[in-house]
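Inspection log for the structure reproduced underneath, given as structure tokens.
What's counted below: heavy atoms across the whole structure, side chains too, no hydrogens, waters or symmetry copies. We name chains A, B, ... by the order of the sequence lines, and we start the count at 1 in each one. Quick caveat: nothing in here was measured; it's all calculated off a predicted structure.
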Amino acid sequence: MANLIEEAKLSIDGLLEKAYKKAVTGGLVPDAGFPQGKVEIPKDTSNGDYAANHAMAGAKALKLPPRGIAEILVSCLDLDDSFFESVQIAGPGFLNFRLSEKWYSKVLHDIQTEGTSYGRSDEGLGEKVMVEFVSANPTGPMTIGNARGGVLGDALASVLERAGYRVWREFYVNDAGNQVDLFGKSIEARYLQLIKGEDAVEFPENGYHGDDIRLLAQMIFDRDGDKYLDMDGDERCRAFVEFGLPYNIELMKKHLERYRISFDEWFLESSLHSSGYVEETVKLLEDGGYTYEKDDALWLRNTEFGADKDEVLRRANGFYTYYAVDIAYHRNKFIERGFDRVIDVWGADHHGHAIRFSASMTAPVLGLQNKKLDFLIMQMVRLVRGSEVVKVSKRTGKALTLNDLMDEIGVDACRFFFNAKPDTHLEFDLDLAIRQDSENPVYYVQYAHARICSLISAMAEEGHPIPNGGAVSAALLNTEHERGLIKQLAMFTEEIRLAARDYDPSRINRYVTELAARFHRFYTSCRIKEAEPALRDARLILCDCTEKVIANALDIIGVTAPEKM
RNA sequence: GCGCCAGUAGCUCAGGUGGAUAGAGCAACUGCCUUCUAAGCAGUAGGUCAGGGGUUCGAAUCCCUUCUGGCGUACCA
């Protein structure tokens with residue numbers, strides 16, 4: 001449960017405050033209050049591992065030049081038994097601290113003793129949070145957009161879990177509404193075309209053109225022949241939906257399982273209708289006086305909550321809109337199921353809705369005053385082939401499916417690649433993807449892991465297993481590469497904390513890539529086999545720690561850590 | 001028009017909520033395997049941080065503005 005990066009940072013503040021008090025007592029500086037400085041990790045650590053700017057921050061209040069303050073503080077500083085071995089003044093007055101052996105040893109010790117739970121923290125205080133993601137329409141196969149949302153939501157959930165939240169993964173199934181009707185009509189058209197011929201039956205204007213629809217029609221025909229031919233249109237569509245929807249949902253489950261995502265719940269939209277929950281929620285808004293009727297439809301006064309326009313809750317034909325259902329669904333998440341926080345992972349094509357929708361959710365009658373509704377809006381995936389942009393649309397049926405993608409580049413590469421920073425557009429080059437072998441950074445990381453595993457087993461065969469028990473000491477691990485590697489290992493807990501705080505699990509990708517890089521550097525410059533026994537053992541422990549953290553980090557983002565490559 | 005996201009090396013992207021000389025990977029060029037996995041390491045080259053103002057000791061980062069791209073602004077979800 002240790003975050004040594006933060007601990008060391010905090011301890012600098014404490015050390016400096018002590019030094020300041022000593023300086024005041026000694027009459028070296030006026031007592032103008034301990035300056036509020038910041039401690040940070042500099043980009044270039046050749047001058048120190050941590051830099052504090054207290055001397056600069058206090059210049060005004062103390063009426064002394066920054067460097068002068070720095071010199072006084074340093075003269076009063078006591079580093080005995082601290083995490084630091086030295087401090088230096090640099091530039092305009094930075095105080096540069098260098099980490100001590102005590103700190104490095106503690107990092108290795110923590111990893112060894114905490115094992116797979118290393119990296120966890122209680123930051124989240126057990127808050128109950130739902131991450132709703134993918135939630136693709138069950139009217140067709142999942143696309144590369146879902147590939148992005150899938151890994152983002154899943155990795156975000158993992159990161160939150162490790163940061164001390166109680167996490168629930170949910171898939172919202174849109175098994176009701178207009179799109180489902182259209183789905184039924186599309187199957188119907190294909191079915192009738194099978195019997196009467198392509199040209200004899202008109203295809204619905206906004207219907208689903210994908211081959212998967214033809215396949216469903218064919219399956220129905222193979223099973224039941226032309227028994228639906230003379231059936232009433234509505235009844236026929238209902239029968240086709242009853243066949244097609246469960247089929248598609250099962251397929252999505254299968255493909256997502258392959259993508260290594262498992263949901264705690266697949267929540268059916270239809271359940272909100274059948275239980276009367278939508279009706280009840282809309283009634284609540286009506287009774288609260290937030291609605292009005294216009295053109296036979298029921299409208300929500302959304303501008304009253306700061307939104308830029310009002311929304312239709314119930315259409316003129318009596319059906320509830322997705323908007324009303326969404327309000328009911330989220331009320332259900334918070335009120336009926338008691339989540340403290342809900343994070344919806346949505347594509348950028350829904351961001352307008354996200355803004356208006358969060359406005360609606362502030363309606364007092366919903367009772368969500370102490371609840372947190374957050375959105376992780378991910379930008380679109382742009383599909384290109386070489387320099388040509390490939391237009392994707394589910395409706396025209398030309399989308400590249402998630403499953404095809406997994407066939408082509410593999411699950412590991414897929415998950416790693418799509419775990420990119422959410423708020424930037426992701427350009428996905430098909431030509432590149434197909435030949436994404438050694439060029440993909442995922443192999444770079446996996447290779448580091450495999451390298452360690454084979455090294456450790458080779459050493460064990462020679463009678464040098466990883467030493468266990470006894471105090472772990474980093475005293476002998478004093479080269480630049482060894483210390484750089486240990487520092488990166490120490491960063492893990494902090495990285496998870498930041499990824500959880502910022503809803504940006506792609507930090508883990510960058511973290512683990514850097515960790516692998518530091519291991520490769522260490523591996524190249526530090527021999528293990530020929531080292532003196534004490535040094536060899538220390539390095540073996542370092543390898544073991546690295547292996548554990550790489551595997552742990554890859555597990556967060558759902559990538560395998562192979563022992564051989 | 002209004003709103004959201006973005007614009008950093010030839011390409012794909014980092015840049016910890018204002019810090020020291022703006023960084024990786026790929027592509028290009030040069031080295032390193034009779035020694036623990038070369039899917040690796042070391043090095044060279046590559047920049048008006050889209051443009052222009054402003055805030056201050058200090059700006060890729062914060063504010064204003066212009067330009068460019070994506071998305072949104074349905075009685076679809």
Separation between the C1' atoms of A28(B) and U66(B), rounded to whole Å
37 Å
Assert yes or no for the condition that the ring centre distance of His353(A) to Tyr322(A) is strictly below 6.0 Å.
yes
Indicate yes or no: does Asp344(A) engage Lys333(A) in a salt bridge with an N to O separation below 4.0 Å.
yes
Proximity to the side chain of Met565(A) - top-ranked nucleotide from A39(B), C36(B), G70(B)
A39(B)
Rounded distance (Å) that lies between atom C1' of A20(B) and atom CD1 of Ile89(A):
16 Å
Would you say the side chain of Asn3(A) lies within less than 4.5 Å of the side chain of Ser121(A), judging by non-hydrogen atoms?
no
Given G19(B), A6(B), A77(B), which nucleotide is nearest the side-chain atoms of Asp423(A)?
A6(B)
Examine Phe171(A) together with Phe133(A) and report whether their ring centres are nearer than 6.0 Å.
no
Over how many whole Å does the gap from Asn302(A) atom CG to G3(B) atom P extend?
18 Å
Go through the N and O atoms of the side chain of His351(A) and the base of G3(B), and report whether any donor-acceptor pair is under 3.5 Å.
yes
Return yes if the base of A77(B) and the side-chain atoms of His350(A) contain a donor-acceptor N/O pair under 3.5 Å, otherwise no.
yes
Nearest listed nucleotide, side chain of Lys421(A), among C75(B), A20(B), A14(B):
A14(B)
Distances under 3.5 Å between nitrogen or oxygen atoms of protein and nucleotides 28-31 of chain B:
none

Heavy-atom side-chain contact between Thr321(A) and Arg314(A) under 4.5 Å
no
Does Ala450(A) reach a base, just sugar-phosphate, or nothing at all? Heavy atoms under 4.0 Å.
base
With 3.5 Å as the limit, what N/O pairs link the protein to nucleotides 56-58 of chain B?
none

Just checking, is any N or O donor in the side chain of Asp412(A) or Gln446(A) under 3.5 Å from an acceptor N or O on the other one?
yes
How close or far is atom C1' of A77(B) from atom CD1 of Ile377(A), stated in whole angstroms?
14 Å
G40(B) base stacked by Tyr447(A) (centroids within less than 5.5 Å, tilt under 30°):
no
Protein-nucleotide distance (Leu455(A), atom CG; A39(B), atom C1'), rounded to Å:
17 Å
Would you check if Ile327(A) and Met361(A) make a side-chain contact, meaning some heavy-atom pair closer than 4.5 Å?
yes
Between A77(B) atom P and Tyr208(A) atom OH, what is the distance in whole Å?
10 Å
Value rounded to 0.5 Å, distance of OG1 in Thr513(A) from OH in Tyr444(A):
8.5 Å
Among the nucleotides A14(B), C41(B), A77(B), which one has an atom lying closest to any side-chain atom of Tyr322(A)?
A77(B)
